[in-house]
Every structure is written in C-alpha cells, then in structure tokens.
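Just dropping this structure here.
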Amino acid sequence: MKYWLMKTEPGTFSIFDFEKLPNQTSQWEGIRNYQARNFMRDEMKIGDKVFIYHSVVEPVGIFGTATVIKEAYVDYFQFDPDSKYYDPKATPEKPIWQMVDVKLEEIFSQPITLKQIKEIRALSGMGVVQKGSRLSIQPVKKEEWDFILKLAQ
DNA sequence: GCCAACGTTGGC
DNA sequence: GCCAACGTTGGC
C-alpha cells in the first residue's frame, strides 16, 4: 500500500465538500500534469491512503485523509469544451488524462498546517516543503504518514 | 496582489 | 532538439 498527498484549492474543491457527495466519494478530475497523471495511472491502487491538502487559501495544509476506491480511468472532462479542464489535443480514441476516485476517511479536528510541517525535521523531505514544488499529486513516505497522523490526534 | 519557480508551447 | 515566451501554481 502506498501513501500520497493530493492538493486542492478549497475554492474549487475542499475536503468538506466530500460530505455532500454520495458515499463521501469524489472523482479527482482535472489533473493536467504528466508526472501527477503518471502517479495516478501507474502507481495508485485501491486502498492507497491520501492526504487531502488545501493550497492557496489560509490555512494551507493537510486537512484530513482519504482512500483510493477506484483506480485510474479516463477523465472525461478533457473532451468537454465547456469544462475548464478541456484539452483540445485529447480525443476519446486517444485520451491523455486520467483520474481516480477517492473516498473521505477522516477530517482532522485541526489541520496540520504547512507552517507546522516546515518546523518539523522529520517532515523536511515532504514535497510540499520543497521550494518551487508544484506537483499536485505527491508520494508520501510511510514514516511521514504515521508522523502526521500522530500529530493530528 | 505580487512574483518566483516551474511546466508547456511553438518557432526555428 | 533547443530555448524563449508564455501561462500557471502557490506561498506569502
């Protein structure tokens, strides 16, 4: 089983939006970066654990956890000219982008903020504290996962 | 709102 | 294949 961090801008989708959805499950559409797509396509498996990370809007940080419940499949928004995720280069015959489904697991009573993460040496290898890191899906080490979960208790 | 850092595009 | 220009991300 692998561990991940997935970024979202709460103005678009926040961890609290899961609760409005059937089965507290959301498709993770709109990933338009090849490296992030490859993580989903090649490595994400059912049962993998995911940190839900809010970017841009204060407080920035990890707000809770989710589980992968459906492995990568075609993100159909790439074909929709009215979608902001539209990609004119993609066709149903040759799709480019994929998405997974994730189900909410836990919302932390207090988010683990980026500020906190930066202050903790054990978390200094995490993608979100690397300067200039813009990857919207990042692998997380088991030790980092465990550390943050403990912190969130 | 600013702007550095980054990924992508497209002309050559 | 190079690389300048451009658009986007995301912390502050």
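So you know, we letter chains A, B, ... as the sequences are listed, proteins then strands, and number each from 1. Every heavy atom of this structure was used, including side-chain atoms; hydrogens, water molecules and symmetry mates were not.
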If only side-chain N and O atoms count, and only distance matters, is there a donor-acceptor pair under 3.5 Å linking A:Tyr76 with A:Gln27?
yes
Aromatic contact, A:Trp145 with A:Phe51 (centres under 6.0 Å)
yes
Can you confirm whether the side chains of A:Tyr73 and A:Asp101 place a donor and an acceptor under 3.5 Å from each other?
yes
Taking C:dG11, B:dT8, C:dT8 as options, the one with an atom nearest any side-chain atom of A:Asn33 is B:dT8
Common cluster, A:Met40/A:Leu135, ILVMFWY with side-chain heavy-atom separation under 4.5 Å
yes
Distance test, side-chain N/O of A:Lys131 to OP1/OP2 of B:dA4, below 4.0 Å
no
For the atom pair CD (A:Gln98) and CG (A:Asp75), what is the distance rounded to the nearest 0.5 Å?
9.0 Å
Does C:dG11 have OP1 or OP2 sitting under 4.0 Å from an N or O in the side chain of A:Tyr53?
yes
To the nearest Å, how far apart are A:Arg134 CZ and C:dG10 C1'?
8 Å
Expressed in angstrom and rounded to an integer, what is the separation of A:Asp87 atom CG from C:dT8 atom C1'?
15 Å
Could you state the atom-to-atom distance from CD of A:Gln130 to P of C:dG11 in whole Å?
13 Å
Choosing from C:dG10, C:dG11, B:dG7, which nucleotide comes nearest the side chain of A:Lys7?
C:dG10
Once you round it to whole Å, what is the distance between C1' of B:dG7 and CD1 of A:Ile31?
14 Å
Provide, to the nearest angstrom, the distance between the CD atom belonging to A:Gln138 and the P atom belonging to B:dG7.
12 Å
Base, sugar-phosphate, or nothing: which does A:Lys89 touch, judged by heavy atoms less than 4.0 Å apart?
sugar-phosphate
Taken to the nearest whole Å, CD1/A:Ile62 to P/C:dG11 is 12 Å
Contact class for A:Val56 (heavy atom, under 4.0 Å): base, sugar-phosphate, or nothing?
base
Over how many whole Å does the gap from A:Gln35 atom CD to C:dT9 atom P extend?
16 Å
Separation of A:Leu5 atom CG from C:dT9 atom P, in whole Å?
16 Å
